[in-house]
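Numbers for residues simply follow the sequence, beginning at 1. Just so it is clear, the model here is predicted, and its values are computed rather than measured.
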Amino acid sequence: QVQVEESGGGSVEAGGSLRLSCSTSAPAYESRQMTWFRQSPGKAREGVASMHTTQNDIYYLDSVKGRFTISRDNAKNTLTVYLDMNALKPDDTAMYSCALGPQLNRLRGRWSDELKYVFWGRGTQVTVSS
């Protein structure tokens, strides 16, 4: 069982920035898809940003391209990713969760399918005011 924990959420004004962190208990050498999802009340969960830990695949939701950046902390001995969020908009308000796919599973175009992920964190709330 892999533990996943998100942190870094908060309340900001439109145009502001936040950095979310996703810490896991998975060893850094593991090959997994790691993805940030978000969900706001009354809306379906959607994939925001994804990367594979041993390939160069990086994907973004169209509405966050150019504003959000997913990255990995290569200095840690467990899988850790960040989501840098800039130029935040009220529409970005949501609960943000980090998810890990199965080992050796490269999702490519299916990166945003939440059913492909096996380990989830509890999420961190992001609220953007206008």
Side-chain angles (χ1 to χ4, degrees):
Q1 185 76 11
V2 174
Q3 305 301 314
V4 181
E5 184 174 6
E6 306 92 340
S7 61
S11 297
V12 296
E13 293 185 349
S17 300
L18 283 173
R19 168 176 261 204
L20 305 184
S21 298
C22 172
S23 301
T24 79
S25 60
Y29 60 77
E30 287 192 354
S31 178
R32 293 183 185 266
Q33 195 82 30
M34 294 187 70
T35 297
W36 286 98
F37 287 86
R38 69 184 182 187
Q39 188 170 25
S40 53
K43 294 186 178 180
R45 182 181 284 168
E46 60 182 357
V48 176
S50 182
M51 69 182 307
H52 194 275
T53 59
T54 60
Q55 305 298 323
N56 292 323
D57 305 341
I58 292 182
Y59 303 95
Y60 294 100
L61 180 68
D62 283 347
S63 62
V64 307
K65 285 180 181 177
R67 299 189 298 122
F68 290 11
T69 302
I70 188 171
S71 62
R72 175 181 174 175
D73 191 335
N74 293 314
K76 302 229 177 191
N77 57 12
T78 55
L79 290 177
T80 302
V81 295
Y82 303 107
L83 185 67
D84 288 296
M85 306 187 296
N86 299 309
L88 282 162
K89 304 175 181 180
D91 283 349
D92 296 318
T93 295
M95 178 70 75
Y96 285 72
S97 300
C98 180
L100 271 68
Q103 283 200 67
L104 304 178
N105 194 342
R106 186 179 179 187
L107 294 180
R108 292 194 176 104
R110 298 169 296 160
W111 69 271
S112 60
D113 182 353
E114 61 182 287
L115 298 179
K116 300 295 184 185
Y117 293 86
V118 293
F119 299 113
W120 292 80
R122 292 186 175 184
T124 185
Q125 178 67 36
V126 172
T127 302
V128 184
S129 59
S130 57

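Proximity of a side-chain donor or acceptor of Thr124 to a complementary backbone N or O of Gly9 within less than 3.5 Å is detected. Of the possible donor and acceptor atoms, one in the side chain of Thr53 sits under 3.5 Å from a partner among the backbone N and O of Arg32. A donor-acceptor contact shorter than 3.5 Å links the side chain of Glu6 to the backbone of Cys98. Tyr117 places a side-chain N or O within 3.5 Å of a backbone atom of Trp111 that can act as its donor or acceptor partner.
The distance from the CE atom of Met34 to the CZ atom of Arg72 is 8.0 Å, given to the nearest 0.5 Å. The structure places CG of Leu88 at 5.0 Å from CE of Met85, a figure rounded to the nearest 0.5 Å. The OH atom of Tyr59 sits 7.0 Å away from the CZ atom of Arg108 when rounded to the nearest 0.5 Å. Atom CG in Leu115 sits 11.5 Å away from atom CZ in Arg110 (nearest 0.5 Å). The NZ atom of Lys116 sits 7.5 Å away from atom CG of Asn105, with the distance rounded to the nearest 0.5 Å. Atom CG of Leu100 and atom CD of Gln3 lie 11.0 Å apart (nearest 0.5 Å).
Between the side chains of Ser50 and Gln33, at least one donor-acceptor pair of N or O atoms lies under 3.5 Å.
Nearest heavy-atom pair across Ser25 and Gln1 is OG-O, 4.1 Å. The two atoms that bring Ser71 and Asp84 nearest to each other are OG-OD2, 4.3 Å, heavy atoms only.
Ser23 pairs by the side-chain contact (heavy atoms from CB on, under 4.5 Å) definition with Thr80, not counting sequence neighbours. Checked against side-chain contact (heavy atoms from CB on, under 4.5 Å), Ile58 has the following partners two or more places apart in sequence or in another chain: Met51, Tyr60, Ile70.
Note on Val81 and Val4: same hydrophobic cluster, where clusters join Ile, Leu, Val, Met, Phe, Trp and Tyr whose side-chain heavy atoms are under 4.5 Å apart, directly or indirectly. Under a hydrophobic-cluster definition in which Ile, Leu, Val, Met, Phe, Trp and Tyr are linked whenever side-chain heavy atoms come within less than 4.5 Å, directly or via other members, Tyr96 and Phe37 are assigned to different clusters.
Thr54 has its side chain out of reach of Glu30: every pair of non-hydrogen atoms, C-beta onward, lies at least 4.5 Å apart.
Counting heavy atoms of neighbouring residues, nucleotides and ligands inside a 6.0 Å radius, atom CD of Gln55 exceeds 12 of them.
Residues in residues 25-82 take part in no disulfide bond (SG atoms under 2.5 Å apart) pair, two or more places apart or across chains.
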Exercise. Take Phe68 and Trp36, measure what ring-ring contact (aromatic ring centres under 6.0 Å, His included) needs, and give me the verdict at the end.
Key: CA-CA 11 Å; Phe68 290 11; Trp36 286 98; over 10 Å; no

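The existence of a salt bridge linking Glu46 and Arg38 is confirmed by a sub-4.0 Å separation between a basic side-chain nitrogen and an acidic carboxylate oxygen. Under a 4.0 Å N-O distance rule, the pair Asp62/Lys65 qualifies as a salt bridge.
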